[in-house]
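Data block below; observations after.
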Amino acid sequence: MDAAAPKPKENMGEPLPRIDGRLKVTGQAHYPADLPTANIAYGALATSSIAKGKVTKLRLDDARAVPGLLDIVTYGDMDKLEKPKFGNSGATSIGPLHDRRIFHDGQIVALAVAETFEAAEEAAQLIRAEYEEEKPTATFDSPGTATIPAAGRSPLFKEDVKAGDFDAAYAAAAVKIDQRYSTPTQHHNPIELFSTTAYWQGEQLVVHEPSQNVTGWKVELARQLKIDPAKVRIVSPFIGGAFGSKGPMTPRTAIVAIAAKRLGRPVRCVTSRMQAFGTQTYRAETRHRIRIGAGKDGRITAFAHEGWEVTSRPDPYVVGGTSATGRMYDYGSVLTHVSLVQADRNTPGYMRSPPETPYVYALENAMDEMAVALGMDPIEFRRINEPKTEPIGKKPFSSRSLIQCYDQAAAAFGWAKRDPEVGAMRDGDWLVGMGCATAIYPTAVAPCAARVRLTVDGDVRLQCGSHEIGTGVRTVAGQMASERLGVSIDRISVEMGDSSLPPAPVSGGSISTASVCSAVLKACDAIRTKLYAAATAEGGPLAGSRNAEFELVDGKIMAKSGASAKVEDVLKAMQVGAIEEYAEFAPKGATPEALKKLYAGKPEFHGGDQDEDSVKYAFGAEFVEVHINRYTREIRVPRIVGAFAAGRIMNTRTARSQLMGGMIWGIGQALHEATEIDRRYARYVNRDLQDYLVPVNADIKDLQVILVPEVDHAVNPAGVKGLGELGNVGTAAAVASAVYHATGKRIRDLPIRIEQLLV
Amino acid sequence: MRPFVYEQPADVSTAVAIASRFTTNDDQPTRANAQFIAGGTNLADYMKLGVADPNRLLDLNKLKEQELRHIHVTNEGGIRFGALARMGEAADHAEVKRRYPVIADSLRLAASGQIRNMASLAGNVLQRTRCEYFRETSWACNKRVPGSGCAAMEGFNRQHAILGASDACIATYHGDFAQALIALDAVVHAEGSRGARKIVFAKLHRQPGDTPHIETDLAADEIITAIEVPAIPWARRSLYLKIRDRESYAFALASAAVALDLDGETVREARIALGGVATVPWRAGAAEQSLQGKKLDEASAEATAEAAFAQAQPRRHNAFKMELGKRTLVRALLETRDMKV
């Protein structure tokens, strides 16, 4: 055991190394664009250099003259197909080649296909578009935006939550704040670039593309191409970073599929880093107004959270984090409202902890301001407002270990040594600040199918169409089978990332571990039932121990009586070589249509704020120390501590890794990350990793993750709360709090940069 | 990316001869048909992006002259850097660290370990701007396409220069090593079809003026063979301070190369260069003068910083560089004063 492999505490699984770790670090893991494909042709995108207008003419002659050019797919070539749809499986409703109108910067205008990657790139660069240009609207405050209410525009954001009489309570409050906060556009920038490789085997289309949603894509791509979904297969065995960017399919996939059909040979298109900024989704920029009223005793009586979010003209993507912020504390009264601000931009989308990251940032920064206004320790302020039931529907929390998280993180961090006076702590020429904030993420779960086979040789084959996006889901699914079937992990093979496998929901919303493990659990238990029935049948090796409790350990059925039988012998007695079970898991509260919808790529989500009996969330507390130079004001983060409780932890190593990655990203959100837009042209400016900054190793010093034991049987059969999106919620507010403590400057607009601290 | 011819000349004279054959006297090195490549950390990137477009690359890595790869102390007590020596080698060189901490710092704080192991010293000083509008070919850029305009001027210009800019170009020179070299009065040795010559480092780069596409004093067939830093015994009291958005692998928002000759607390001579704020490597001569003969304390350091930025022209997003640049210089001066040498 070491820092990377924490010793399991109560209700935590072993820190097994990733079962595919060796493949990844030795280069043997084949990511979709690496999968060997014969006779391949290469595609490169040509994209628009304006954000609004119409393509009047496309000059293709120079491109066609490039040696090795095979084809150009452009306007007219997609007319007989269906346009993309916006939703969980589709990033945007804009069909770039269905329509000569330009809706955003970097919109696809053509795909050049050539014998080599270099020739395709050259041809794409030589495609010249002529435009009828219109003045575009970039973002908030730009002329030409349209503001509409968000509620009801998305199935995931039905209403603006509220409770009690906010206006009266706020008016009467003894202490109050009214502040505005903002977060910038951000792009996921996974290190694995976006790519599509497509080929046809007769009527059958195979697509290799990094995807968080192979089943949803299969159905959506078939719809666009007007073919039977059974004729489409999406293959995505490894994904090199996704963070939501590979959740919804983009229009490129169908374009590459059509190119492959026209040529009658495989076509691979790897999008450049720059082009990804315009052809993929991103985190919408948001603005917030928060009002909090409290008594002098620190009890909150009124909370209002208004949000504004930029989206594209055609698609109402909603961030909408008020459901979580409105339920965070014991507020008394709650008022929320979310608005969409339409501009000439590509459609935003899910990005790690989509609603919570920006909304909880605003809430927690405001909570820190309120604690200052009250002259109260920020942890104490949260403790006073810890709710027994959530304030909106007055439902209990299925479990809530926030205060335990604060206590453990505060102790590890040494919060008691903090001098609460602003600017009082120094380390030579460096101002020292300490701050903290709450992390929250809804615990959801969705229907999922899995197939598990146990052979007479003691090998297990587990199949599930989920996605290894780096979280370790392959490992924890294998671990679940290992535990239930008494087979060591090295005898278990796990297949994922293929739409021909039993369907799993989109790997988003931190549902994968809960959903996949619940399905695996069900399949394994069906195998156990069969084994046990055979073993205890008349003449079986355990005849007579019927109905007794038993365990599967090391290839043996161990009855409580002490009798045991080898699984191998039971299978031989059954005269079978293997037992295979196909299980479909549907969460509590699932509709009768739930499984049908899973196969149709439209899985129902349950849990979070959706259930009748309780609300389900995972919580954490993060503590940050910043050092700020007294002359030059650069901000460094020498220490960060996070404590998190998330029900059953399947694997302490992969859990810590997820939370650590989230916290590091949170530091990036606080200090580094922003996509800059040239407001004159509504075009992104810093479209590469040179100028789009994320933390590097030197920025991360002492980082500690504490896993707080928690048991929650209500969330799902596996008892698991997703934690993949918990670690980066609240971090930026903790940094802002620490910056305030060091300098007395309250920075409300992210990222916090040197220039904000110089004035 | 277009096809190009790739050659590996065997020696400097062959490289010059080939370059001379495929270029004319009027060609700018960055726009010529034939261009030299060493580490490739800048040119290869720009070729992929369509910003640079040579149809012939002359790879200098096989040149047989071994002195191109050496770093050694000269008879006079200075240091001569072979042009093909890598950034990483120079940063780790014991004599460089001992005699000119400012040089070692400037290299150590630049790029990443991997890039420092690839990039040559001559290539480093000739690196081109990273202006976002220069890097992406769909924007107007006078440096990339003369006369096309400058999208950065009224655009997002947080990274851009406040010193040495013109109405045609505000792109920053992002290098670090060059700030140390200009402060130390380095000399560049070059060989071309018209023979060998020495160029004072301060004359190597050209301010944009009306011709931002003309970036250096070099001819298209000229190769830098060495960079020589004169003996300055007191340069042991020198450092490079780089302020940036993250702790590594980022360009300077503001930086300062400082060397001080002190008599007690009084400044006999100061050398000051500023990075991240100017269109070219920037020697702050007036600031140096203002400090001469003065006691170095926070007040005189601040006065020096005022002098250094007296001519600065801020724009919308880079206005903070005035204040940041001054504070960076103040801090660098005081930290240099306090060095234990």
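In the text below, chain A, chain B and the rest are named by the order of the sequence lines, each starting its count at 1.
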Practice prompt. To the nearest 0.5 angstrom, please state how far the NZ atom of B:K48 sits from the CD atom of A:Q125.
Written response: 12.5 Å
Discussion item. Rounded at 0.5 Å granularity, tell me how far CD1 in B:I243 sits from OG1 in A:T632.
Written reply: 3.5 Å
Discussion item. Shorter than 4.5 Å, heavy atoms on both sides: which option in B:A254, B:A319, B:A151 has the most such pairs with chain A?
Written reply: B:A151
Worksheet item: Checking B:L49 against chain A: side chain, backbone, both or neither under 4.5 Å from a heavy atom?
Response: both
Worksheet item: Measuring heavy-atom distances to chain A, does B:E298 have an atom under 4.5 Å in its side chain, in its backbone, in both, or in neither?
Response: side chain
Fill in: Under 4.5 Å from a heavy atom of chain A, the part of B:K326 involved
neither
Response to the item:
On a heavy-atom basis, the closest approach of A:L758 and B:F320 is CD1-O, 3.8 Å
Worksheet entry | A:E634/B:T328 under side-chain contact (heavy atoms from CB on, under 4.5 Å): CA gap, chis, key distance, verdict | CA-CA 10 Å; A:E634 73 266 40; B:T328 302; over 6 Å; no
Worksheet item: So does A:E130 have more than 12 non-hydrogen atoms from other groups sitting under 6.0 Å from CD?
Response: yes
Worksheet item: For atom CG of B:D167, is the number of surrounding heavy atoms from other residues, nucleotides or ligands below 6.0 Å larger than 12?
Response: no
Discussion item. Looking at chain B, which one of A:E118, A:E121, A:R753, A:H672 has the largest number of heavy-atom pairs inside 4.5 Å, strictly under?
Written reply: A:R753
Response to the item:
Separation between CD (A:Q690) and CZ (B:R130), nearest 0.5 Å, reads 5.5 Å
Response to the item:
Greatest number of non-hydrogen atom pairs under 4.5 angstrom with chain B, of A:I754, A:N697, A:D691, falls to A:D691
Response to the item:
Whatever's closer than 4.5 Å to a heavy atom in chain B on A:F117 counts as neither
Item to complete: Working to the nearest 0.5 Å, report the span between CD of A:E673 and CZ of B:R246.
Response: 10.5 Å
Worksheet entry | Whether over 12 other heavy atoms sit under 6.0 Å from A:K701 NZ | yes
Practice prompt. Tell me, for A:E755 versus chain B, whether the close heavy atoms (under 4.5 Å) come from the side chain, the backbone, both or neither.
Written response: both
Worksheet item: Counting only heavy atoms not in B:M118, do more than 12 fall under 6.0 Å of its CE?
Response: no
Practice prompt. Give a yes or no on whether the backbone of B:E136 and the side-chain of A:R687 come within a donor-acceptor separation of less than 3.5 Å.
Written response: no
Fill in: Top contributor to chain A contacts, counting heavy-atom pairs under 4.5 Å, from B:Y133, B:Y249, B:F156, B:F251
B:F156
Worksheet item: So does A:E676 pair up with B:R158, basic N to acidic O under 4.0 Å?
Response: no
Worksheet entry | Heavy-atom proximity to chain B below 4.5 Å, by part of A:I635 | neither
Worksheet entry | chain B contact via A:V759 - which portion, at a heavy-atom distance below 4.5 Å | neither
Practice prompt. Determine, for A:R680 against B:E154, whether the closest basic-nitrogen to carboxylate-oxygen distance falls under 4.0 angstrom.
Written response: no
Discussion item. Return the CG to CG distance between B:L241 and A:N629, rounded to the nearest 0.5 Å.
Written reply: 8.0 Å
Worksheet item: Are B:E323 and A:R633 within salt-bridge range, i.e. N to O under 4.0 Å?
Response: no
Discussion item. If I take atom CZ from residue B:R135 and atom CG from residue A:N686, how far apart are they, to the nearest 0.5 angstrom?
Written reply: 11.0 Å
Worksheet, complete the sentence: For B:P3 and A:E122, the nearest pair of non-hydrogen atoms, with its separation, is CD-OE1, 3.4 Å
Worksheet item: Nearest heavy-atom pair of B:W139 and A:Y681: which atoms, and what distance?
Response: CZ3-CD1, 3.5 Å
